[in-house]
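Below is one structure, written out as C-alpha cells; comments come after it.
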Amino acid sequence: MRPAEGAARLVCLLLLAAVAAGHAGVQPLARIAIHRARFALDASAAVRASPELLGTKGEDTAWVKVDLVTPHPSADDWVGVFSPSKFNASTCLGSHGSGPGPVICSAPIKYQFANYSSGYGESGKGALQFQLINQRQDFSFALFTGGLSNPKLIAVSNAIAFANPKAPVYPRLAQGKSWNEMTVTWTSGYESDEAYPFVEWGMKWSPPVRSAAGTVTFDRESVCGEPARSVGWRDPGFIHTAFLTDLWPNKEYYYKIGHMLPDGSVVWGKLSSFKAPPFPGQKSLQRVVIFGDMGKAERDGSNEYSNYQPGSLNTTDTLVKDLDNIDMVFHIGDITYANGYISQWDQFTQQVEEITSRVPYMVASGNHERDWPNSGSFFNGTDSGGECGVVAETMYYTPTENRANYWYSADYGMFRFCVADSEHDWREGTEQYEFIESCLATVDRKKQPWLVFIAHRVLGYSSGFFYGVDGSFAEPMSRQSLQKLWQKYRVDLAFYGHVHNYERTCPVYEEQCMSSEKSHYSGTMNGTIHVVVGGGGSHLSNFTAQVPPWSVYREMDYGFVKLTAFNYSSLLYEYKRSSDGQVYDSFTMHREYRDLLACVKDSCPPTSPAT
C-alpha cells in the first residue's frame with residue numbers, strides 16, 4: 001500500500017469510528033451544561049445530608065441519605081454531589097473575559113434525578129441514597145431545576161466529610177520490571193513532606209519490613225485540554241508507589257500501606273495480601289485474565305451509567321468472586337472512560353480495589369486515556385477529554401522504560417506478554433516496532449512457551465462494524481506492519497479491545513485460516529489466534545452482517561478471557577460472560593517444544609540441503 005493510500009484509509013476509518021462512538025454513548029457528566037448554571041436560590045427549598053461524619057471506623061466508602069424539599073418540583077430536577085463542598089465562582093481559576101463568567105466552574109462527581117425518590121413529583125419531598133468514597137475533600141449536595149442542559153441552583157446542603165479525608169486508599173498492585181518485584185500504588189491526601197509513605201510487608205511468620213514509597217501528582221497545567229483543564233478538573237491528591245523486591249516465587253506476602261506522621265504515629269490502610277509471581281519458566285498452575293474497555297459504574301444508580309458502561313459492575317463482581325483462581329489481570333485500554341472528568345479515576349480505583357489489592361493489575365493505553373490533538377498521540381482525536389495520557393500514567397504503574405510510551409513486556413512463569421501501545425506509531429522503523437520485535441525475539445520458548453501479544457486497538461482481525469465497513473477489518477496498515485513478526489516468532493495469541501464485543505479467529509496468517517480445527521489445537525501452530533475482548537463493560541458494538549471466513553466465534557455480550565497454563569505443553573483458553581461467569585467459548589492447545597521449532601510459512605530463513 002502506498003503511503004497516501006494508507007493515510008486516506010486511516011482518515012476514513014477515524015471518521016467512521018467517531019460517528020459510531022458518537023451514537024454509542026456519552027460520558028454522563030458531559031451531559032451537564034455546568035458552565036450555563038445560574039443561581040436561583042429558593043428559601044423554601046432545602047437539602048439535608050446525613051450523617052455528617054463518614055468513615056468513623058476507617059471505612060473508605062459510606063452511604064449517605066439526602067432529604068429534599070422544594071415547593072415547585074419538576075420532572076427534570078436533579079441533585080449533584082460536589083467535592084469540595086464549596087463550588088461557586090469563587091473557586092474558579094483565571095479570568096472569564098469581559099462577560100460575567102460561569103457561577104459554577106466544576107462538574108459534580110455524580111448526580112441523580114430527584115424523581116428517583118417515589119412521590120417527589122407530587123409532594124416536592126423526597127429522599128435519595130448516595131454512596132460516597134473517600135476522595136480527600138468534603139462534599140455537599142446541590143438541588144437543581146431546569147434539567148441537565150439549563151441548570152438552575154435552588155438549594156445546597158450542609159457539608160459532610162470522612163473522618164480522615166487524607167487517608168491512604170485504593171491500593172493497586174502491578175508487576176515490576178523484573179519478575180520478582182511487585183509494586184504497590186495508592187492514593188492519599190498527604191504530601192511527602194507532611195507524612196512519609198511506605199509499605200509494611202513480609203511473608204507469614206516472618207518479621208515485616210518497610211519499603212519507602214515515592215510520591216507524584218499532576219496539576220491542571222499538566223493535562224492538555226478541556227474538560228480535564230476546566231469543568232472536569234479535580235485535584236487528584238498524591239499518588240504513591242513502593243517497590244517490593246527480591247520476592248520468593250509463588251510465596252504469599254502480606255502488606256499494608258501507611259503514612260508516618262511527624263510525631264511517629266502511623267495512619268494505616270487496609271491489610272491485604274498477594275502471591276509473588278513465579279520464576280520465568282517455572283512450571284506451576286498459572287491463570288491470567290484479559291479484557292478491555294470496562295469503565296466504571298455507580299452502585300447507587302447515579303449518573304445513568306446503565307446507558308454508558310452497563311456491564312462494568314458485572315465484570316468487576318464476577319472477577320472478585322473467582323479471585324482465588326486468578327493470578328494476574330490485564331485491562332488492555334479504555335480503563336475508566338473518565339474522558340477528562342478527573343474525579344472518575346478515584347471512583348474507578350475504588351470499584352476495582354478488591355481485585356487490584358490482591359493480584360497484579362496490568363493496564364494498557366487506549367484512546368480514552370491518550371488521544372488528544374497535537375499531543376504526540378498517533379491518532380489525532382479527542383477521546384481522552386484532554387487527559388492526553390497524564391492521568392493514566394500517574395494513577396497506574398506499568399513497567400515501561402518511559403511512562404509516556406506505554407509499551408512493555410511482562411514475564412509470568414510460562415507466559416511472555418508483549419504489550420504494545422496502539423496510540424503511538426507501531427509501524428516498521430519506529431521505536432515501538434523495535435520494542436515489539438525485541439520482546440517477541442528474546443523469549444526462551446523452552447521455558448516460556450506461551451507467547452501473547454496485546455494492544456488496545458485491533459492491529460490484527462475484527463469484524464466489528466466500523467472495522468469491517470471498508471473491508472480492512474483492522475487499523476489501517478497494522479497487519480501489513482506486524483503480521484510478519486507474529487508469524488516469524490510464532491505468537492500464540494493476540495488480544496485487542498476497542499471494539500466492544502467478543503470475537504476469536506482461527507490460527508490465521510495473511511487473512512487465511514491455517515487450520516480448520518476450532519476447539520482442540522495440537523502440534524505445530526501455523527498462525528496466530530487473534531481475539532477481540534473489548535466487552536469489559538462499555539456499551540456494546542455491532543458486527544458486520546457477513547461473517548469473515550477467519551472468524552470462528554463472535555458474540556455481542558460482556559465478558560473476559562481466562563488463560564490457564566498447566567505446564568509447558570498444555571493451555572486452556574476460556575471466554576466467560578460477565579453476567580454469570582460461565583464459559584461460552586473455549587479451546588485447548590497441546591504441543592511440544594519441537595512443534596515450535598518446526599518451520600511454518602514465512603517463519604524460517606531458507607535452508608541448504610544436507611551434505
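- Salt-bridge check for K275 with D327: passed, with a basic side-chain N closer than 4.0 Å to an acidic carboxylate O.
- Between K270 and D60 a salt bridge is recorded (basic side-chain N to carboxylate O distance below 4.0 Å).
- Taking all atoms of both residues into account, the shortest heavy-atom contact from S551 to S463 is OG-OG, 4.5 Å.
- Although no hydrogens or angles enter the test, the distance criterion places no donor-acceptor pair under 3.5 Å between the side chain of S481 and the main chain of R427.
- The distance between the ring centers of F587 and Y521 falls below 6.0 angstrom.
- Nearest approach of E369 to T336, heavy atoms of both residues: OE2-N, 4.1 Å.
- Taken from OH in Y558 to NE2 in H500, the straight-line distance is 9.0 Å, to the nearest 0.5 Å.
- When all heavy atoms are compared, the tightest approach of V499 to S462 is CG2-OG, 3.7 Å.
- P277 has its side chain out of reach of Q282: every pair of non-hydrogen atoms, C-beta onward, lies at least 4.5 Å apart.
- Here the side chain of R403 pairs a donor or acceptor atom with the backbone of E393 at under 3.5 angstrom.
- Aromatic ring pairs are classed by plane angle as parallel below 30°, tilted from 30° to 60° and perpendicular above 60°; the pair H498 and H456 is perpendicular.
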*Go through the steps for R577 and Y502 under the test side-chain contact (heavy atoms from CB on, under 4.5 Å), then give the verdict.*
CA-CA 10 Å; R577 286 185 190 164; Y502 169 74; over 6 Å; no
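- R479 places a side-chain N or O within 3.5 Å of a backbone atom of S472 that can act as its donor or acceptor partner.
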*What's the verdict on side chain to side chain donor-acceptor pair (under 3.5 Å) for Y467 and E475, showing C-alpha distance, side-chain angles and the deciding distance?*
CA-CA 7 Å; Y467 278 131; E475 294 292 340; 2.4 Å; yes
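- With hydrogens and angles ignored, the 3.5 Å screen pairs no side-chain donor or acceptor of T185 with any backbone N or O of T241.
- We find the CH2-OH distance between W450 and Y573 to be 14.5 Å, quoted to the nearest 0.5 Å.
- M362 places none of its side-chain heavy atoms less than 4.5 Å from the side chain of I454.
- Salt-bridge formation is detected for the pair D492/R591: a Lys NZ or Arg NE/NH1/NH2 atom is positioned less than 4.0 Å from an Asp or Glu carboxylate oxygen.
- A distance of 4.5 Å separates CE of M294 from OG of S312, quoted to the nearest 0.5 Å.
- Residues P236 and F218 meet the side-chain proximity criterion, which asks for heavy atoms closer than 4.5 Å.
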_Using side-chain contact (heavy atoms from CB on, under 4.5 Å), reason through L451 and C418 one step at a time and then give a plain yes or no._
CA-CA 8 Å; L451 183 56; C418 298; 4.3 Å; yes
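- Crowding of K177 atom NZ: a count of heavy atoms from other residues, nucleotides or ligands under 6.0 Å exceeding 12.
- Remark: R457 is positioned above the aromatic ring of F379, its terminal NZ or CZ atom under 6.0 angstrom from the ring centre and at most 45 degrees off the axis.
- At least one side-chain heavy atom of K283 sits less than 4.5 Å from a side-chain heavy atom of Y568.
- Rounded to the nearest 0.5 Å, atoms OH (Y408) and CD (E401) are 13.0 Å apart.
- Inter-residue side-chain proximity for R172 and M395 is flagged as met; some heavy-atom pair is nearer than 4.5 Å.
- Of the possible donor and acceptor atoms, none in the side chain of S188 sits under 3.5 Å from a partner among the backbone N and O of P168.
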*Do R370 and D421 pass the salt bridge (charged side-chain N to carboxylate O under 4.0 Å, His left out) test, and can you show the C-alpha distance, the side-chain angles, and the key distance before you say yes or no?*
CA-CA 10 Å; R370 184 60 184 85; D421 179 355; 5.9 Å; no
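- The residues D444 and R416 are annotated as not salt-bridged, no charged nitrogen and carboxylate oxygen being separated by less than 4.0 angstrom.
- Checked against the 6.0 Å centroid criterion, the rings of H331 and F291 qualify as a close aromatic pair.
- In this structure, F243 places its CZ atom where more than 12 heavy-atom neighbours from other residues, nucleotides or ligands lie under 6.0 Å away.
- By the neighbour-count criterion of 12 heavy atoms within 6.0 Å, atom CD of E354 is sparsely surrounded, having that number or fewer from other residues, nucleotides or ligands.
- Across all their heavy atoms, A242 and S211 have their closest contact at CB-O, 4.1 Å.
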*Dump the intermediate steps for side-chain contact (heavy atoms from CB on, under 4.5 Å) on E423 and N367, then the final yes or no.*
CA-CA 6 Å; E423 308 315 297; N367 50 303; 3.7 Å; yes
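- Listed for the S384 side chain is a donor-acceptor partner under 3.5 Å among the backbone atoms of D371.
- Using cut-offs of 30° and 60° on the angle between ring planes, the pair W186 and H240 is tilted.
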*Test side chain to side chain donor-acceptor pair (under 3.5 Å) applied to Q351 and T316, step by step*: CA-CA 8 Å; Q351 177 179 309; T316 300; 3.0 Å; yes
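- Side chains of T215 and E191 form no contact here, defined as non-hydrogen atoms less than 4.5 Å apart.
- Salt bridge present: D317 and R299 bring a charged side-chain N and a carboxylate O closer than 4.0 Å.
- Counting only distance, with no hydrogens or angles, the side chain of Y461 and the backbone of C506 share no donor-acceptor pair below 3.5 Å.
- Between F495 atom CZ and I332 atom CD1 the span is 8.0 Å, to the nearest 0.5 Å.
- Contacts classified as side chain to side chain donor-acceptor pair (under 3.5 Å) and involving residues 522-531 (residues at least two apart or in different chains) are given here: Y496-H530.
- Residue-environment remark: CH2 (W248) stays at or below the threshold of 12 foreign heavy atoms within 6.0 Å.
- Taking the centre of each ring, F198 and W268 come in below the 6.0 Å mark.
- Atom CG of residue L173 and atom OG1 of residue T183 lie 7.0 Å apart, to the nearest 0.5 angstrom.
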_Full working for side-chain contact (heavy atoms from CB on, under 4.5 Å) between D595 and M525_ = CA-CA 8 Å; D595 297 319; M525 293 287 287; over 6 Å; no
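- Looking at N405 and F435, their side chains never come closer than 4.5 Å, going by heavy atoms from C-beta outward.
- Just one of Y253, F274, Y254 meets the ring-ring contact (aromatic ring centres under 6.0 Å, His included) condition when paired with W201; it is Y253.
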*E555 and Y575: CA distance, side-chain angles, deciding distance, side chain to side chain donor-acceptor pair (under 3.5 Å) verdict*: CA-CA 10 Å; E555 178 175 278; Y575 163 70; 2.9 Å; yes
*Show your working on side chain to side chain donor-acceptor pair (under 3.5 Å) between E387 and W345 and close with a plain yes or no.*
CA-CA 11 Å; E387 293 178 15; W345 282 88; 3.3 Å; yes
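- The backbone N or O of M414 sits less than 3.5 Å from a side-chain atom of Q286, completing a donor-acceptor pair.
- Taking a cutoff of 4.0 Å between a charged side-chain nitrogen and a carboxylate oxygen, K447 and D411 do not qualify as a salt bridge.
- No donor-acceptor distance shorter than 3.5 angstrom exists from the side chain of E252 to the backbone of K204, with no hydrogens or angles considered.
- You'll find the side chain of F279 reaches within 4.5 Å of the side chain of W179, heavy atoms only.
- A distance-only check finds a donor-acceptor pair linking the side chain of T349 to the backbone of D346 [under 3.5 Å].
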